[in-house]
> 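Handing you a structure now.
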Protein chains: 4
Amino acid sequence: MKKEKILEAAEELFAEKGYEGTSVRDIANRAGVNIAMISYYFGSKEKLLESLIQYRAGYTSDLLDALKKNPDDHPVHKIEKVIDLYVDRILTHHRFHNIMSRQLSMISEKKIKDQMIEIKKQNLEIIKKIIEEGQRKKIFRKVDIELTVATIIGTISQVTLSKSFYCQLMHIPEISFDEYSMRIKSRVKKHLKKLIITYLTCDME
Amino acid sequence: MKKEKILEAAEELFAEKGYEGTSVRDIANRAGVNIAMISYYFGSKEKLLESLIQYRAGYTSDLLDALKKNPDDHPVHKIEKVIDLYVDRILTHHRFHNIMSRQLSMISEKKIKDQMIEIKKQNLEIIKKIIEEGQRKKIFRKVDIELTVATIIGTISQVTLSKSFYCQLMHIPEISFDEYSMRIKSRVKKHLKKLIITYLTCDME
Amino acid sequence: MKKEKILEAAEELFAEKGYEGTSVRDIANRAGVNIAMISYYFGSKEKLLESLIQYRAGYTSDLLDALKKNPDDHPVHKIEKVIDLYVDRILTHHRFHNIMSRQLSMISEKKIKDQMIEIKKQNLEIIKKIIEEGQRKKIFRKVDIELTVATIIGTISQVTLSKSFYCQLMHIPEISFDEYSMRIKSRVKKHLKKLIITYLTCDME
Amino acid sequence: MKKEKILEAAEELFAEKGYEGTSVRDIANRAGVNIAMISYYFGSKEKLLESLIQYRAGYTSDLLDALKKNPDDHPVHKIEKVIDLYVDRILTHHRFHNIMSRQLSMISEKKIKDQMIEIKKQNLEIIKKIIEEGQRKKIFRKVDIELTVATIIGTISQVTLSKSFYCQLMHIPEISFDEYSMRIKSRVKKHLKKLIITYLTCDME
DNA sequence: AATGAATGAGAATTCATTCAT
DNA sequence: AATGAATGAATTCTCATTCAT
């Protein structure tokens, strides 16, 4: 459908060149539609971004569902699972993740910002609940939950946003994100699981 | 000096509204100079960004110097010190950090990207050396160093870029970045130190 | 009927915002019909204006009929009656009068202009005949008939077109045209009758 | 000067095709300047109209001065003089008069409307004072002054706005406004003087 | 008969840059 | 060295109209 074509072209271009750096002409060209269609369908460039957020926001709920399937899992197992899911998800939706990261750190329309904050809140809640459950069961120790979530998301984000940096580190030329994702995914999962589980379960002091 | 005024106005505006979202007219107005001055001094908007990067890149070296002062420190102490330094530095230069984060995740001029990657490489090297020293001294265990650095930078980044998200979480209205920084800085330092040192020193498996 | 709905919406909007300032989308919205209907029914925006003129032109004939009812009236009485009728008519159809006034003073389609000139000619003829009759009966003196008609129509026009000016003069806020009409109507009639009858009947020189 | 060139081109085109019917491209072309110059000089099309009003508004004061030269003139003489001046002025500035007439009868920007109302108020005051002086000297009888002014301005307006109508009446083809003005000017002056002076001085009832 | 989808042309405005001084 | 004036290109968006159904 044409509306979807536009949304997907917009996502690609916003990710590549930024929201401001992308013209509606670019989007129309990539989507193979008339320029006027974008105003016709979405009203304006800004509302197109809002629509894109709503269009992509949906995928959060799947995650929650996946975790709810085995409610009796061990908290460590749940943490491992949630890390797997988040790494997969952010790397899969890296384009949307890029757009969100950038837009959130800018002065932008309140409505757009609020939509993004809502998504981040849901993410936080999911992980928070798992950690709290582990703490209640005396399996996890006391930690700064918000910042622990920041560490998980921040680490994945860092890897996602700095593809060109890590490519250069690994002495490989600029590759497609899918290739990059394949090379780095399991490494990130392994690192994060070890890091977070050590942190949550190791009793030092 | 006028050149500095322009660079600082550019930094503020690029951070607030993005590189593409900022017009040279905006910059000239905020800097209180004639519009033509920007082309006159820097050649073009793009070269102004390059100049800004070079202008700000310098501050990395200070960091290195600070660490070199006590070469015989205990690796744990060195890690603590480097975390303090990075948190301070990124929060102080949050505007420049924002600009870099955003620009690095976009398709942008090779020259600009290379400058940014160079800065990131220096950061990596500094921390890498400390961790490797700790490993040689059998104080730190074997870890994925690149991703551990990604975790440190990623966590600080996350806190820096998502001010509006964390403001909302803490139930406070949008405040200035300086106020935000004051409220969050020690918390981030504490979390990161505990996290990274636990990870590097706890022997579990 | 839908065609009428469109014509009335068009009249309102053309009066409020001018022909060029009104979009067919506006008209369709106000009329509560599909945008395509306007081209479908009328062919084009321009032909819609033509249709509107024809739709409204009809009301002139009523006037003529009203005057013909008492053919033996005294010319002074006839003049009074014609002034009453014109004031009533222009104030009632102020929207259409506005549209005509504006369009006539512009370079516009010949066909549209000719339609409007035709209406004005009929108006002129009606009054002209009464004055000439009065002159034949030696009740009215010799005057420049065309310009006397210009004075009658011009005075009513002035009051009709400058509502906001007269509102401000009378120290009242912007009111609906109907309210304005009620306040001003009898005053205009009284003034015009006195003016024109004095002019036509007073023998000075 | 270029700014004046633009203002004059705008006046011509606004008079010919209306404000909405004129594009800034048209204006730029007729003025022989770059399109961007209009935004550069005036900010926007709307502000260009505001500037035009201010640019032309000035000529009112000349009128006042002309009347003040012979303060001891007989009121009848003053009325004759003021009619001469208004006919001359409106016919000379017919373009600006057209623009004002049209814009005043539309829903337009408050600022623009207020500027126009101000001009009309000044006109009213000038004539009002003369009539009141005549009344004080028992030369003029009691009349509705506001509407008497409406009659003077309305009559001249009618002749000015309906050129094509009067051309057709006089069985002449569409001629330039200057030619039209020459043909009609003295006729209008004669008619209006006779009309108004008869009205103000004839004691009937 | 009636309409939602679609479009090319054109609207006003802003852009980064250059030029003449 | 410094700048006000100027500009071509590009921006987003709206326009009246047409088309397929």
> Whole angstrom is fine here: how far is it from CD in Glu20(B) over to C1' in dA10(F)?
13 Å
> For Lys47(C), answer base if it contacts any base atom (sugar-phosphate contacts may also be present), sugar-phosphate if it contacts only those atoms, and nothing otherwise; contact means non-hydrogen atoms under 4.0 Å.
nothing
> Taking only residues two or more places apart in sequence or in another chain, which ones pass salt bridge (charged side-chain N to carboxylate O under 4.0 Å, His left out) with Lys2(B)?
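In terms of salt bridge (charged side-chain N to carboxylate O under 4.0 Å, His left out), with neighbours along the sequence ignored, Lys2(B) is linked to no residue.
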> Phe42(A) has an atom CZ; how far is it from atom P of dT12(F), in whole Å?
15 Å
> Distance under 6.0 Å and angle within 45° of the ring axis: does Lys3(D) meet both against Phe42(D)?
yes
> Between Thr22(C) (side chain only) and Leu13(C) (backbone N and O only), is there a donor and an acceptor less than 3.5 Å apart?
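Pair found, side chain donor or acceptor close to backbone of Leu13(C).
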> Between the side chains of Glu50(B) and Tyr55(B), does any donor sit under 3.5 Å from an acceptor?
no
> Can you tell me if the side-chain N/O atoms of Arg25(A) get under 4.0 Å from OP1 or OP2 in dT11(F)?
yes
> May I ask you to decide if Arg25(A)'s main-chain N or O and Arg30(A)'s side chain share a donor-acceptor pair within less than 3.5 Å?
no
> For Val24(D) and Asn34(A), take the nucleotide of DNA chain E holding the closest heavy atom to each; which residue's nucleotide lies nearer the 5' end?
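Upstream on the strand: Asn34(A).
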> Whole angstrom is fine here: how far is it from CE in Met37(D) over to P in dA9(F)?
17 Å
> Under 6.0 Å from the six-membered ring centre of Phe165(C) and within 45° of its axis: does the NZ or CZ of Lys113(D) meet both?
no
> Looking at every strand, decide which applies to Ile38(D) at a 4.0 Å heavy-atom threshold: base, sugar-phosphate, or nothing.
nothing
> Map Val33(C) and Gly43(D) onto DNA chain E by nearest heavy atom, then report which one ends up closer to the 5' terminus.
Val33(C)
> Could you tell me whether Lys45(D) sits above the aromatic face of Tyr19(D), with NZ or CZ closer than 6.0 angstrom to the six-membered ring centre and within 45 degrees of the axis?
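Yes, Lys45(D) and Tyr19(D) form such a contact.
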> Quick check for you: name the first and last nucleotides of DNA chain E, 5' to 3', having an atom under 4.0 Å from a heavy atom of chain C.
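Span of nucleotides near chain C: dA1(E) to dG4(E).
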> Treating Arg95(C) as the side-chain partner and Glu8(C) as the backbone partner, does any N or O pair qualify as donor plus acceptor under 3.5 Å?
no
> Using a heavy-atom cut-off of under 4.0 Å over every strand shown, decide if Tyr41(B) touches base, sugar-phosphate, or nothing.
sugar-phosphate
> Under 4.0 Å, heavy atoms only, any strand: does Ser39(B) hit a base, just the sugar-phosphate, or nothing?
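Base contact.
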> For His93(D), is there any backbone N or O sitting under 3.5 Å from a side-chain donor or acceptor partner on Arg56(D)?
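It does not hold such a pair.
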> If we fit an axis to the first five pairs and another to the last five of the helix from dA2(E)-dT21(F) to dT21(E)-dA2(F), what angle do they make, to the nearest 10°?
20°
> For Ala36(C) and Ser23(A), find the nucleotide of DNA chain F closest to each by heavy atoms; which residue's nucleotide sits nearer the 5' end?
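First, find each residue's nearest nucleotide; the 5'-ward one identifies Ser23(A).
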> With a 4.0 Å cut-off on heavy atoms, is Lys2(C) in touch with a base, just the backbone sugar-phosphate, or nothing at all?
sugar-phosphate
> Report the distance from atom NZ of Lys45(A) to atom P of dT11(F), rounded to the nearest whole Å.
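To the nearest whole Å, that distance equals 9 Å.
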